[in-house]
Amino acid sequence: MRKRTLAVLCTATALAGGLLVPTAAQAAEPFPAGFKAWTHDERVYVDFGTAATPKDLKVHLRKTGTDTPVATVTAFRLIEDDDPCNPSCGDDPGTTALETAPLKLAELAKYSVDVEYDGTAGEPILHKDRATLDYQLIPKVKTFEVLGTPDLEHRTVTVKADAVARDPRDDSERPLPNGKLVAVTTAGRTPFTTDASGHLEAPLTFTGTEKAAHGTWHQKILVVLRPDGSDTAHGKSLEVEVKHPYTRIVLDTNMVTGPDQSSAPVSGQAFYHLEGGTEKPLPVGTLMTVYNVQKFKSGPDGRFTVQVPIDGTRPQRIVILPTAWLPTASAYVASDPTTSAGFHDTPALTVNANRTVTLSGKFRRYDIPAPTPLKVEVQFTSDGTTWTTVKTLTSTAPAGTSTATVTAKDVPYTGPGQWRLRYAGTSAIPSGAAVPTTGRPGVVETALPEFNAAPEPVKAGKPITITGKLAREASSFTGVFVPAARQTVEIWFRPNGTTAWKAMGTARTDDKGLFTRAFTAAKDGYWQARYTKVPSYHFSSQSREDFVDVQ
């Protein structure tokens with residue numbers, strides 16, 4: 001643990017008399033929310049919830065049941081934060097606990113801890129009996145080794161260790177006779193007792209379910225030997241290597257048959273054997289998986305039955321999940337989809353600036369008995385739950401197995417949401433249940449909320465000034481619009497009594513989205529601004545039509 005010293009030395013000072021406790025009228029508490037105090041081994045800890053240290057902070061120790069302090073500590077260290085970005089880098093207050101150095105007291109005993117510091121006016125404030133320091137011999141594991149390499153057939157090893165008792169008064173050590181120790185693994189605890197000389201040599205039997213020390217693929221088990229009732233700092237840790245057997249999976253069938261996107265049962269048996277040993281069924285409860293689909297456990301005699309998805313002709317993989325005790329093994333199941341059809345992959349989606357959608361996907365058909373027209377629905381949802389069919393297509397399936405790309409073009413954009421291609425199925429050619437969907441396209445809306453052609457009326461040959469404003473959404477789906485700066489806007493004109501529009505020129509928006517352009521008045525007619533040269537994933541837009549009477 002990294003520490004930063006706040007005071008130069010940690011001192012223990014013998015006192016001749018008691019402490020004066022100020023009255024409530026005198027005291028002005030600088031920490032009305034209180035503080036925490038605790039002890040561990042021969043240290044005292046105080047936490048005021050802030051990195052600011054109380055003025056003239058002292059910790060007094062007195063034997064429990066007495067009134068006279070025997071030592072006072074005036075120097076402390078701030079325990080530095082091991083993770084300054086938890087809960088976040090912006091608002092983490094950091095570790096605020098203070099600790100003393102290891103205390104050197106004259107006698108082994110229980111001591112009451114009193115905390116004193118100055119009040120807001122400089123008056124001493126004393127909080128008595130805030131913690132208890134059990135100043136006793138501290139047991140610790142001095143040496144530790146494990147003899148033997150376990151495997152599933154031979155799970156017992158020999159533990160050898162020596163335990164001592166450390167005297168906090170002078171840090172001397174002596175053997176710990178009849179010391180209570182405990183070996184801790186991820187699967188449980190095993191108690192031990194040292195002999196008269198503090199030595200231990202005894203068998204330790206693993207359960208065979210211990211987790212790997214460094215993740216799934218490692219063949220080592222972490223064993224911590226420590227005094228019972230103490231933390232790991234007083235013990236020692238070892239990584240015990242495990243000998244892996246050979247594993248294999250035997251399937252009762254290597255093929256599943258059924259409609260595409262359905263499931264079919266697969267059964268089999270899993271085995272392991274050590275070099276030169278007899279092959280045995282995998283232990284009951286060993287974790288297995290249909291790879292990336294679902295997990296399951298082996299049963300008696302290593303047997304299993306699991307539902308395997310039929311995803312087109314894609315093979316599925318049955319796997320033994322590796323542990324510290326077992327390596328992985330795989331077996332593959334082929335898929336034979338019967339007469340069925342469907343969309344397996346996420347469809348491709350494009351949304352153009354003119355608010356039309358193009359959606360395409362691969363339509364896979366299996367064992368179609370004769371050329372058959374199949375209806376495909378183009379569907380949309382705004383909430384991810386309720387789907388609406390916006391268009392229906394027909395895709396002809398030839399006899400046999402085939403794949404065709406189905407494309408829906410010029411579908412009106414109906415707002416933010418998701419899209420999919422769906423084959424509903426018939427009694428003769430069913431559909432799989434899975435229908436992949438697109439993401440929500442991040443298309444940004446644009447608008448020309450302000451537009452004006454002036455003056456009106458105007459004399460022929462005089463200037464007409466076109467002004468307006470272009471805006472865009474700050475981000476897709478928010479509905480919050482901001483000025484669209486440095487964009488090109490087209491100016492169009494339609495003479496009165498005609499239907500054809502003519503491009504008259506362009507204008508450039510400023511930082512506020514405003515634009516202006518002057519033209520010479522020639523005919524009565526309608527003016528309009530259009531935003532069509534849009535960046536990727538922006539919709540185009542057009543203004544209202546403004547009529548100008550030319551006289």
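Keep in mind it's a predicted model, so treat the numbers as computed, not measured.
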(request) Nearest 0.5 Å please: distance from the NE2 atom of H154 over to the NZ atom of K243. (result) 9.0 Å

(request) Keeping the roles fixed (side chain from H60, backbone from V113), state whether a donor-acceptor pair exists under 3.5 Å. (result) no

(request) Report yes or no: does S298 contribute a side-chain atom to a donor-acceptor pair with the main-chain N or O of P283 at less than 3.5 Å? (result) yes

(request) Measure the spacing between OH of Y117 and NZ of K55 and express it to the nearest 0.5 Å. (result) 14.5 Å

(message) Quick check against the 3.5 Å criterion: does Q294 have a side-chain atom that pairs as donor or acceptor with the backbone of Q307?
(response) yes

(message) If only side-chain N and O atoms count, and only distance matters, is there a donor-acceptor pair under 3.5 Å linking T207 with T209?
(response) yes

(request) Could you tell me whether the side chain of Y111 and the main chain of Y135 form a donor-acceptor pair under 3.5 Å? (result) no

(request) Quick one: pull up OG1 in T509 and NZ in K469 and give me the separation to the nearest 0.5 Å. (result) 11.0 Å

(request) Measure the acute angle between the ring planes of H127 and F35, then classify it against the limits of 30° and 60° as parallel, tilted or perpendicular. (result) perpendicular

(request) Please confirm whether the backbone N or O of A28 pairs with a side-chain atom of E123, one donor and one acceptor, at under 3.5 Å? (result) yes

(request) Could you tell me whether the side chains of S172 and D167 share a donor-acceptor contact shorter than 3.5 Å? (result) no

(request) Tell me yes or no: between the side chains of T381 and T386, is some donor less than 3.5 Å from an acceptor? (result) no

(request) Mind checking the CG-CZ spacing from L470 to R486? Nearest 0.5 Å is all I need. (result) 12.0 Å

(request) To the nearest 0.5 angstrom, please state how far the CG atom of D129 sits from the OG1 atom of T64. (result) 8.0 Å

(message) Check whether T149 reaches the backbone of V242 with its side chain - one donor and one acceptor, N or O, closer than 3.5 Å.
(response) no

(message) Given D114, which partner from the list K128, K58, R62 fulfils the salt bridge (charged side-chain N to carboxylate O under 4.0 Å, His left out) test?
(response) R62

(message) If we count only N and O atoms by modelled type, under 3.5 Å, do the side chains of E239 and H218 hold a donor and an acceptor together?
(response) no

(message) With a 6.0 Å cut-off on the ring centroids, do Y531 and H538 count as close?
(response) no

